[in-house]
Amino acid sequence: MTMTHPTTIDETAPVIADHTIRIAAPLDRIWELHTEIDSWPGWQPDIAEARLNGTLAPGSTFHWTTAGLSIDSTLYAVEARRRILWGGPAHGISGVHEWTFTEDGDGVVVRTRESWSGAPVDADRDNLAAALDASLSSWLNALKRAAECADLA
């Protein structure tokens, strides 16, 4: 039996969040910050720990802790300096998370979309949608601060 991975978020999921931010920093810096998973806790205050098992490639997994939740995710797609997609089940929620990076003059437009489905989402859709929105907004703002702050060093 062959395992197939999602190629994008679940557009039919009951909760979908979609956020975009422009970061005034080079694409290489932003991509490196975002894909050096083991370093996330150093710039992303909502993440207590993160560990990539293997290389940054489809099929690799990583373990991370955020908001007190322990999560194991699988990388589904990695297009260097352009797109990364991961997901998996966590605490009854099936999540798929996509990030895209598009150069824009002297900066980069970063877009993140995430879908959640599962019994916990069905039971408390509004609160979980608000939590996901807040989480993605916080993550983008932390990425922006870290990438732009490096210019001051």
Side-chain angles (χ1 to χ4, degrees), residues 5-11 13 15-91 93-117 120-121 126-153:
H5 294 301
T7 57
T8 188
I9 68 166
D10 178 358
E11 300 286 356
V15 169
I16 295 175
D18 186 336
H19 293 267
T20 302
I21 198 166
R22 187 178 186 283
I23 301 175
L27 175 58
D28 288 340
R29 178 178 304 137
I30 296 165
W31 179 257
E32 183 177 312
L33 278 167
H34 190 68
T35 60
E36 286 188 0
I37 293 169
D38 293 10
S39 300
W40 285 354
W43 61 267
Q44 221 296 19
D46 297 334
I47 296 178
E49 69 170 308
R51 183 184 68 258
L52 175 63
N53 303 309
T55 61
L56 190 74
S60 291
T61 61
F62 61 97
H63 174 82
W64 53 304
T65 304
T66 184
L69 300 175
S70 181
I71 303 169
D72 290 305
S73 295
T74 300
L75 292 169
Y76 299 141
V78 178
E79 299 169 33
R81 302 175 72 237
R82 218 177 122 241
R83 178 177 177 260
I84 189 165
L85 179 75
W86 70 70
H91 308 277
I93 297 172
S94 179
V96 182
H97 199 164
E98 178 181 55
W99 293 81
T100 59
F101 305 82
T102 306
E103 288 184 291
D104 178 41
D106 64 349
V108 176
V109 174
V110 179
R111 181 181 185 196
T112 183
R113 300 185 321 139
E114 187 165 2
S115 60
W116 281 2
S117 59
V121 179
D126 291 345
N127 285 327
L128 288 175
L132 181 57
D133 274 333
S135 172
L136 295 187
S137 180
S138 175
W139 195 323
L140 282 173
N141 286 322
L143 181 60
K144 180 178 176 70
R145 278 191 305 275
E148 291 179 353
C149 185
D151 282 334
L152 303 175

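Under the rule for a side chain to side chain donor-acceptor pair (under 3.5 Å), the partners of Trp64 that lie at least two apart in sequence or sit in another chain are Ser73. For Tyr76, the ring-ring contact (aromatic ring centres under 6.0 Å, His included) partners two or more places apart in sequence, or in a different chain, are His5. Scanning for side chain to side chain contact (heavy atoms under 4.5 Å, CB included) contacts around Pro89 gives an empty result, with sequence neighbours left out. Applying the side chain to side chain donor-acceptor pair (under 3.5 Å) rule to Ser70 yields the partners His63; only residues at least two apart in sequence or on another chain are considered. Applying the side chain to side chain contact (heavy atoms under 4.5 Å, CB included) test to Ala90 and every residue at least two apart in sequence or in another chain returns Ile71. Partners of Thr61 by side chain to side chain contact (heavy atoms under 4.5 Å, CB included), not counting sequence neighbours, listed by chain and number: Asn53, Thr74. Take Thr102 and apply the side chain to side chain donor-acceptor pair (under 3.5 Å) test, not counting sequence neighbours, and it matches no residue. By the side chain to side chain donor-acceptor pair (under 3.5 Å) test, Ser137 is found to be paired with no residue, residues two or more places apart in sequence or in another chain being considered. Residues meeting the side chain to side chain contact (heavy atoms under 4.5 Å, CB included) test with Asp133, sequence neighbours left out: Ala17, His19.
Between Trp31 and Ile84 there is a side-chain heavy-atom pair separated by less than 4.5 Å.
Of all heavy-atom pairs spanning Thr7 and Leu85, the tightest one is C-CD2, 3.4 Å.
The backbone N or O of Ala13 sits nowhere less than 3.5 Å from a side-chain atom of Ser117 that would complete a donor-acceptor pair. Using a distance-only test at 3.5 Å, with no hydrogens or angles considered, a donor-acceptor pair links the side chain of Ser60 to the main chain of Thr55.
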request  = Step by step, work out the side chain to side chain contact (heavy atoms under 4.5 Å, CB included) result for Trp99 and Leu140.
outcome  = CA-CA 10 Å; Trp99 293 81; Leu140 282 173; 3.5 Å; yes

message = Quick one, Gln44 with Trp139, criterion side chain to side chain contact (heavy atoms under 4.5 Å, CB included). Give me CA distance, side-chain angles, the key distance, then yes/no.
response = CA-CA 7 Å; Gln44 221 296 19; Trp139 195 323; 3.3 Å; yes

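Among residues at least two apart or in separate chains, salt bridge (Lys or Arg N to Asp or Glu O under 4.0 Å) pairs with a member in residues 52-79 are Glu79-Arg82, Glu79-Arg83. For the salt bridge (Lys or Arg N to Asp or Glu O under 4.0 Å) condition, the pairs that include at least one residue of residues 99-111, sequence neighbours left out, are Asp18-Arg111, Arg22-Asp104, Arg22-Asp106.
With rounding to the nearest 0.5 Å, the separation of NZ in Lys144 from CD1 in Ile21 is 5.0 Å. The distance from atom CG of Leu128 to atom CH2 of Trp116, rounded to the nearest 0.5 Å, is 5.5 Å.
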